[in-house]
Undergrad: 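What follows is a structure written as structure tokens; I'll ask about it next.
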Amino acid sequence: MEVFLIAFGLSMDSVALSIANGAKYPNLKFLIALKIAFVYAFFQGLMCVLGYILGIGFAKFISEIDHFIAFFILLFLGVKMIKEANDEKVVSLTNKELVFGGVATSIDAMAIGVTFGLSYVSLSYSTFVIFTLCFILCLLACFIGKKVGEYLESKAMILGGVILIFIGTRILLTHLEVL
């Protein structure tokens, strides 16, 4: 049960980003939603494994700057999304944006991986649960975002950009212990 709750918590930033992506693309197809969900879940699992492998020394270094990395990536993506809100062209989700989003929303999973290395938790089981739950939640979130996007029309991209900036700011302020 503890691993499930950890997986749920780790997935929330990826879910929010998936909602924003769904809102950004009103013609979202199932295969694109699968790709989004897979990339975000993949990075959640990968970062957990990397944290486990790299150990405490590197995790301490990363934990000192991870919030800045996540903040700047999400700020960049959010501002880009807001700027694209008024463009008449069809927007596309590039692989580069997916990877940046996947990394930005999964850095905390690295620290969780370190804790798995210090406890008697099965890394393979934990990573499987984290990947699977994140994948399912992100897939659902893409279509929730699509519905929100259909309702809000062009304002959906602005909302999605604001959500990304909010997530990045929350990550930064939480790690700086302002919140």
Side-chain angles (χ1 to χ4, degrees), residues 6-28 32-33 35-48 51 61-112 130 133-179:
I6 289 170
F8 187 82
L10 286 175
S11 297
M12 288 302 101
D13 288 343
S14 297
V15 166
L17 187 54
S18 296
I19 289 171
N21 284 329
K24 183 177 179 180
Y25 305 102
N27 297 323
L28 182 73
I32 299 299
K35 179 180 176 180
I36 292 168
F38 177 81
V39 169
Y40 295 160
F42 173 80
F43 277 100
Q44 289 291 335
L46 176 66
M47 292 297 222
C48 183
F61 170 74
I62 284 294
S63 70
E64 293 178 15
I65 62 167
D66 67 349
H67 46 285
F68 291 111
I69 295 168
F71 171 73
F72 285 114
I73 290 172
L74 292 171
L75 177 67
F76 171 77
L77 293 174
V79 169
K80 184 176 184 289
M81 189 180 279
I82 291 169
K83 283 183 178 179
E84 289 176 351
N86 297 321
D87 290 352
E88 294 298 320
K89 64 179 179 142
V90 176
V91 287
S92 63
L93 184 63
T94 66
N95 289 336
K96 184 177 177 180
E97 289 175 326
L98 273 176
V99 169
F100 282 160
V103 170
T105 58
S106 65
I107 291 173
D108 287 346
M110 186 177 289
I112 295 297
I130 289 167
L133 186 60
C134 184
F135 177 81
I136 291 167
L137 292 175
C138 287
L139 185 60
L140 294 172
C142 283
F143 291 104
I144 291 169
K146 180 180 176 181
K147 288 295 180 190
V148 168
E150 290 170 357
Y151 178 71
L152 296 175
E153 296 175 358
S154 65
K155 294 173 185 69
M157 284 186 58
I158 294 170
L159 177 63
V162 169
I163 288 171
L164 296 184
I165 293 167
F166 174 77
I167 293 168
T169 303
R170 183 188 55 81
I171 289 169
L172 180 64
L173 294 176
T174 300
H175 283 272
L176 293 176
E177 298 180 357
V178 174
L179 294 179

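Every heavy atom of this structure was used, including side-chain atoms; hydrogens, water molecules and symmetry mates were not.
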Undergrad: First locate atom CD1 of Ile130, then atom CG of Leu10, and finally report the distance between them rounded to the nearest 0.5 Å.
TA: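 Rounded to the nearest 0.5 Å, the CD1-CG separation comes out at 5.5 Å.
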Undergrad: Can you check side chain to side chain contact (heavy atoms under 4.5 Å, CB included) on Tyr40 and Ser106, steps first, answer last?
TA: CA-CA 8 Å; Tyr40 295 160; Ser106 65; over 6 Å; no
Undergrad: Show your reasoning for whether side chain to side chain contact (heavy atoms under 4.5 Å, CB included) applies to Phe38 and Leu139.
TA: CA-CA 8 Å; Phe38 177 81; Leu139 185 60; over 6 Å; no
Undergrad: In Å, rounded to the nearest 0.5 Å, how long is the span from CD1 of Ile165 to CG of Leu75?
TA: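 It is 5.5 Å, given to the nearest 0.5 Å.
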Undergrad: Around Phe8, counting heavy atoms of other residues, nucleotides and ligands shown, do more than 12 lie under 6.0 Å from its CZ?
TA: no
Undergrad: Please name the pair of heavy atoms, one in Leu28 and one in Gly22, separated by the smallest distance, quoted to 0.1 Å.
TA: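 Closest pair (atom of Leu28, atom of Gly22, distance): CD2-CA, 4.2 Å.
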Undergrad: Rounded to the nearest 0.5 Å, how far does CD1 of Ile163 lie from CG of Asp13?
TA: 12.0 Å
Undergrad: If I compare all heavy atoms of Ile107 with all of Met47, which pair ends up nearest, and what's the gap?
TA: CG1-CE, 4.1 Å
Undergrad: Between SG of Cys138 and CG of Leu17, what distance do you get to the nearest 0.5 Å?
TA: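 If I round to the nearest 0.5 Å, the distance is 8.0 Å.
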Undergrad: Is it true that Lys35 and Asn95 share a donor-acceptor pair across their side chains at a distance under 3.5 Å?
TA: yes
Undergrad: Can you check side chain to side chain contact (heavy atoms under 4.5 Å, CB included) on Val103 and Phe43, steps first, answer last?
TA: CA-CA 6 Å; Val103 170; Phe43 277 100; 3.7 Å; yes
Undergrad: Could you walk me through whether Met12 and Ile167 pass side chain to side chain contact (heavy atoms under 4.5 Å, CB included), step by step?
TA: CA-CA 10 Å; Met12 288 302 101; Ile167 293 168; over 6 Å; no
Undergrad: With side-chain contact (heavy atoms from CB on, under 4.5 Å) as the test, pick out the partner of Leu172 among Leu176, Thr174, Thr169.
TA: Leu176
Undergrad: Name all residues meeting the side-chain hydrogen bond (donor to acceptor under 3.5 Å, both in side chains) criterion together with Ser14; count only those two or more places apart in sequence or in a different chain, and write none if there are none.
TA: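 Here the qualifying residues are Gln44, Thr105.
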Undergrad: Distance from Asn21 atom CG to Cys142 atom SG, nearest 0.5 Å?
TA: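 That separation rounds to 6.5 Å.
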